[in-house]
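Input: a single structure, listed below in C-alpha cells.
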Amino acid sequence: MTNSARINRPRRSCFMKNKEIASAFNEIADILELQGKNPFRVSAYRRGAQSIENLSRDIAAVADEGALGDIPGIGKDLRAKIEEYLETGAIAFLAELRGETPRVLLDMLRIPGVGPKTAVLLYEGLGIESIDDLKKAAVEHRIQGLPKIKAKTEENILKGVEFLERAQGRTPIGHAYPLAGEIVASLGRLREVKMISVAGSLRRWRETVGDIDILVTSTAPEKVIRRFTSLGIVQRVLAEGKTKGSIVASGDIQVDLRVVEEKSYGAALNYFTGSKEHNIRLREIAIQKGMKLNEYGVFKKGARGTERRIAGSTEGSVYKALGLPLIPPEIREDAGEIEAARRGDLPALVTRDDIRGDLHFHSDWSDGTAGLEEVAHAGKAFGYRYILISDHSQSLKIAHGLSPGRLLEQIEEIDRVNERTRGFRLLKGSEVDILPDGTLDMDEDILRRLDIVIVAVHSNFKMKRDEMTRRVVRACESPYAHILAHPTGRLIGTRDAYGIDMEAVITAAARTGTAIEINAHPLRLDLDAATARAAAGAGVMISIGTDTHKPAAEMENIVYGIGTARRGWLTPGNILNTRPPAKLLSYFHKKTG
DNA sequence: GCCGTTTTCGGCCCGACTGTTTTCAGTCG
C-alpha cells in the first residue's frame with residue numbers, strides 16, 4: 001500500500017459534476033484546516049460540499065437557471081467557484097492551495113486518530129514525505145518524543161495506518177447489515193439490556209457505512225460494554241469507557257456501542273442516527289426556540305441558567321418538542337426533509353409491506369440455481385403475489401442466455417407452473433441485452449408474448465459517454481422495453497458507473513413510459529437513492545428487483561432496494577411492484593399497446 | 001465563508017474518550 005491510500009467516499013448520485021465540485025470543496029476545507037485557518041470558514045466549505053452532494057439535480061442545470069444561490073450554504077464566493085469549475089473544469093483557488101500543501105498532509109488526514117494538528121506536527125517534526133515514511137518512523141519509534149506524543153500515540157498511529165491499508169474505505173451495507181444483526185442479537189440476549197437498536201448511517205440505509213453504531217439502554221452499562229468488547233468477532237478494542245465502547249470487528253469494520261438511560265433513548269437514537277447535517281439543523285431549531293438539544297434530551301432553558309428536560313425518551317417526543325413530525329431515518333440528510341416536515345409535507349415512504357412481488361429474477365434456465373416451480377414456491381412462501389422471471393438473452397453467453405426458441409419453451413413451461421399454483425403467479429419476462437447500437441437482443445414477435453421485458457447493458461461498457469447515452473435512450477424507445485435494469489452498471493467498491501448521462505436517460509424514460517429499476521443487490525443499488533429521487537421527480541416509475549440467482553440467499557436483498565427507495569423519498573405510488581398483478585401489467589399497455 | 005421573523009456584524013452544535021497532562025488539546029461522531 002502506498003500513500004495513495006484513500007477512504008473512498010460513497011457514490012451518492014450519478015451527477016458527476018456534483019461529485020467533483022463537492023470533492024473539490026472538501027479538499028479546500030481539509031487544506032484550510034491544515035493551515036489553521038478560521039474553523040468556521042472550513043465548515044462553510046464542508047457544508048457547501050454536503051449541500052451539493054445532496055442535490056437531486058445536475059448542478060450545471062441549476063447554474064444555468066441562475067439558482068446556485070438558492071442552494072443552502074452556497075453564498076457569493078462558493079457560487080463563483082462552482083461557476084468557475086463548470087466553465088473551466090478547475091478551481092484556481094484549490095490549485096493554489098494544493099501548490100502550497102504537501103500531498104502527504106492530506107493523506108495523513110485519512111488515518112483514524114490523525115487530524116490536522118497531528119499531521120502538521122508529524123510533517124514538520126519528522127519530515128514525513130509519505131504514508132510509508134510514517135509507517136517506518138512509527139516502527140523505528142521516532143515518533144514518540146515529539147511534543148505531546150509518547151509510546152501509546154505512536155502505537156495508535158501505526159495501527160491507524162495498518163487499518164487504512166486493510167480496510168481501504170467504507171464497508172458496503174451488504175456486509176455491515178448482517179454483522180450488525182448478529183451483534184444486536186447477542187447483546188439483546190443480555191438481561192441487563194433493555195432496549196437496543198442499530199443507529200448511524202446503517203439505520204439511514206446508506207449504501208456504504210464507515211462504521212456500525214449500536215445503541216442500548218441498560219441498568220448496568222459497564223457490564224454491557226465489557227460484554228461487547230469481548231464478543232467473538234472483536235479484533236481490537238479501541239475504547240472502553242462508562243458509556244461508550246468501540247471495537248474493530250473481523251472484516252475490519254469499526255463498531256461503536258453507546259449505552260444511555262431510558263429517559264434519553266429517543267434523543268440518543270436521534271443523535272447517533274444522524275446525519276450530522278440533519279442534527280445540526282435540529283439543534284439550530286432548538287436554539288431558536290430557547291431550547292437545547294443534545295444526546296440526552298431536549299431541554300428548556302429557564303431563568304438563571306436552569307434547564308428543564310421536556311423530551312427525550314422517544315424520537316417522536318424529540319421532534320414534537322421542536323414542533324416537527326417524526327422524520328424517517330432514511331431521509332435525515334438535510335436535503336429538504338426539515339422544510340418538508342415544517343410544511344406537513346413529508347412523503348409516506350414505501351415500506352416492505354407495500355411490496356407485492358419481485359421484478360428481477362433468474363431461474364436455472366439461464367444462470368440461476370432454482371427451477372421455475374421452485375421459484376414459484378419460494379415466492380409464495382415469501383408472501384409475494386408474483387415474481388417476474390427474467391433470464392438473460394442469447395448474447396450473454398457466459399450466463400447461458402436463452403435463444404428465442406428456448407424462451408418460447410420457457411413461456412410454455414411458465415404457463416404450466418401457473419396452472420398448478422394458486423394465489424401466486426410467475427410473470428413471463430426476459431432480461432434482454434441492449435446491444436451496442438441500442439437495439440434489443442430478441443425478436444419483437446417473441447417480446448410481444450412476454451408480460452414484462454427488462455432491458456440492460458451487459459457488454460461494451462467502455463463506450464464514449466454520448467454513445468452510451470444514445471444506446472440506452474434508443475433501447476428505452478423500443479415499445480417492448482418496459483424496465484431499464486441497473487442503468488449505470490456500477491458495482492460498489494469495484495467498478496464505477498460507466499459514462500452515461502443519466503439526466504438524458506431519465507428524460508427519455510419519462511417520455512417513453514419506461515420504468516427504471518432500483519437493483520436491490522447490495523453491491524449494485526443501481527439506481528442509487530439520489531438518482532432514483534430525480535427519476536421519480538421526472539415522472540418515471542421505479543421497479544425494485546433483487547436480481548436473485550439463488551432464492552434462499554438473495555430474495556431477502558429486497559430490503560436493500562426498499563432502503564434505497566426510502567432514501568430516495570419514494571412512496572408506494574412511485575413503485576411498480578407495490579401494484580397488484582393486473583394493475584402492474586396494465587401500466588405498460590399504453591407503451592406497448 | 002454563510003447567514004438574518006431579535007442581526008448586514010458577530011455569531012456559527014455539542015459531548016465522550018484518549019493520551020497527555022496536572023487542567024486540557026485533539027479527534028471523532
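Reckoned from all heavy atoms, side chains included, excluding hydrogens, waters and symmetry mates. We name chains A, B, ... by the order of the sequence lines, and we start the count at 1 in each one.
- Annotation: dC12(B) and dT8(B) have their C1' atoms spaced 16 Å apart (nearest Å).
- Closest contact between the side chain of Asp256(A) and the listed nucleotides dG19(B), dT27(B), dG29(B) involves dG29(B).
- Distance alone, capped at 3.5 Å, places no donor-acceptor pair between the Asp526(A) side chain and the Asn519(A) backbone.
- Judged purely by atom type and a 3.5 angstrom limit, Arg332(A) uses its side chain to pair as donor or acceptor with the backbone of Ile327(A).
- In terms of position on DNA chain B, the residue among Gly115(A) and Glu240(A) whose nearest nucleotide sits closer to the 5' end is Glu240(A).
- Counting only heavy atoms from C-beta on, Ala44(A) has its side chain closest to dG1(B) among dT20(B), dC14(B), dG1(B).
- Side chain of Arg41(A), nearest nucleotide from dG1(B), dT27(B), dG19(B): dG1(B).
- Residue Lys276(A) is classed as a base contact, given a heavy-atom separation below 4.0 Å to a base.
- Residue Glu295(A) places its side chain closer to dA16(B) than to any other of dC13(B), dG19(B), dA16(B).
- Contact between the side-chain N/O atoms of Arg283(A) and the OP1/OP2 oxygens of dC13(B) is not found at any separation under 4.0 Å.
- Taking atom NE2 on His278(A) and atom P on dC14(B), their separation rounds to 16 Å, with Å as the unit.
- Atom C1' of dC13(B) sits at a distance of 12 Å from the matching atom of dG29(B), rounded to the whole Å.
- Summarising the base pairing, dT8(B) is matched to no nucleotide, lacking a Watson-Crick or G-U wobble pair whose two defining distances lie under 3.5 Å.
- A donor-acceptor pair under 3.5 Å is formed between the side chain of Arg170(A) and the backbone N or O of Thr208(A).
- Across dT21(B) and dG26(B), the matching C1' atoms stand 13 Å from one another, rounded to whole Å.
- Between Asn279(A) and the phosphate of dG29(B), there is no side-chain N or O to OP1/OP2 separation shorter than 4.0 Å.
- Under the 90° criterion around 0 for the glycosidic angle, dT7(B) counts as syn.
- In this structure, Leu78(A) reaches the sugar-phosphate backbone alone: every heavy-atom distance under 4.0 Å involves primed, P, OP1 or OP2 atoms, never a base.
- With C1' as the reference atom, dT20(B) and dT27(B) are 14 Å apart, rounded to whole Å.
- Rounded to a whole Å, the CG atom of Leu122(A) is 13 Å from the C1' atom of dG26(B).
- Between His278(A) and Tyr319(A), the angle of the ring planes lies from 30° to 60°, which puts this pair in the tilted group.
- Taking the six-membered ring for Trp and the full ring otherwise, the centers of Tyr296(A) and Tyr271(A) sit at least 6.0 Å from each other.
- Between Ser246(A) and the phosphate of dC17(B), there is no side-chain N or O to OP1/OP2 separation shorter than 4.0 Å.
- In this structure, Pro116(A) reaches the sugar-phosphate backbone alone: every heavy-atom distance under 4.0 Å involves primed, P, OP1 or OP2 atoms, never a base.
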(request) Evaluate the criterion salt bridge (charged side-chain N to carboxylate O under 4.0 Å, His left out) for residue pair Glu337(A) and Arg342(A); output intermediate values, then yes/no. (result) CA-CA 9 Å; Glu337(A) 75 280 8; Arg342(A) 279 179 160 156; over 6 Å; no
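- Expressed to the nearest 0.5 Å, how far CG of Leu282(A) lies from CE of Met291(A) amounts to 12.0 Å.
- Residue Lys292(A) has a polar side-chain atom (N or O) positioned under 4.0 Å from OP1 or OP2 of dG15(B).
- At the heavy-atom level, Asn38(A) lies under 4.0 Å from base atoms of the strands shown.
- Of the candidates dT27(B), dT20(B), dG1(B), the closest approach to any side-chain atom of Tyr45(A) belongs to dG1(B).
- Comparing Glu284(A) and Asp77(A) by the nucleotide of DNA chain B whose heavy atom lies nearest to each, the residue mapping closer to the 5' end is Asp77(A).
- Dashed line: the shortest gap from a side-chain N or O of Lys150(A) to OP1 or OP2 of dT21(B) is under 4.0 Å.
- Between dT23(B) and dC17(B), the distance separating the two C1' atoms is 16 Å to the nearest Å.
- Nucleotides dT6(B) and dC2(B) place their P atoms 23 Å apart, quoted to the nearest Å.
- Using a 4.0 Å heavy-atom cutoff across all strands shown, Ser43(A) reaches no nucleic acid atom at all.
- Contact annotation: side chain of Tyr296(A) to base of dG15(B), donor-acceptor pair absent below 3.5 Å.
- As a whole-Å value, the separation of Glu307(A) CD from dG15(B) P is 8 Å.
- Counting to the nearest Å, the C1' atom of dG19(B) and the NZ atom of Lys159(A) are 14 Å from each other.
- The separation between Ile149(A) atom CD1 and dT18(B) atom C1' is 13 Å, rounded to whole Å.
- One atom, CD1 of Ile280(A), and another, C1' of dC13(B), lie 6 Å apart when rounded to the nearest Å.
- No donor-acceptor pair closer than 3.5 Å links the side chain of Ser264(A) to the backbone N or O of Val260(A).
- In this structure, OH of Tyr271(A) is placed 8 Å from C1' of dC13(B), rounded to the nearest angstrom.
- No engagement by Val42(A) is indicated, since no non-hydrogen atom pair under 4.0 Å with the nucleic acid exists.
- Between Thr243(A) and dC17(B) there is a side-chain polar atom (N or O) within less than 4.0 angstrom of OP1 or OP2.
- The nearest whole Å value for the distance from the CD atom in Glu154(A) to the P atom in dG26(B) is 20 Å.
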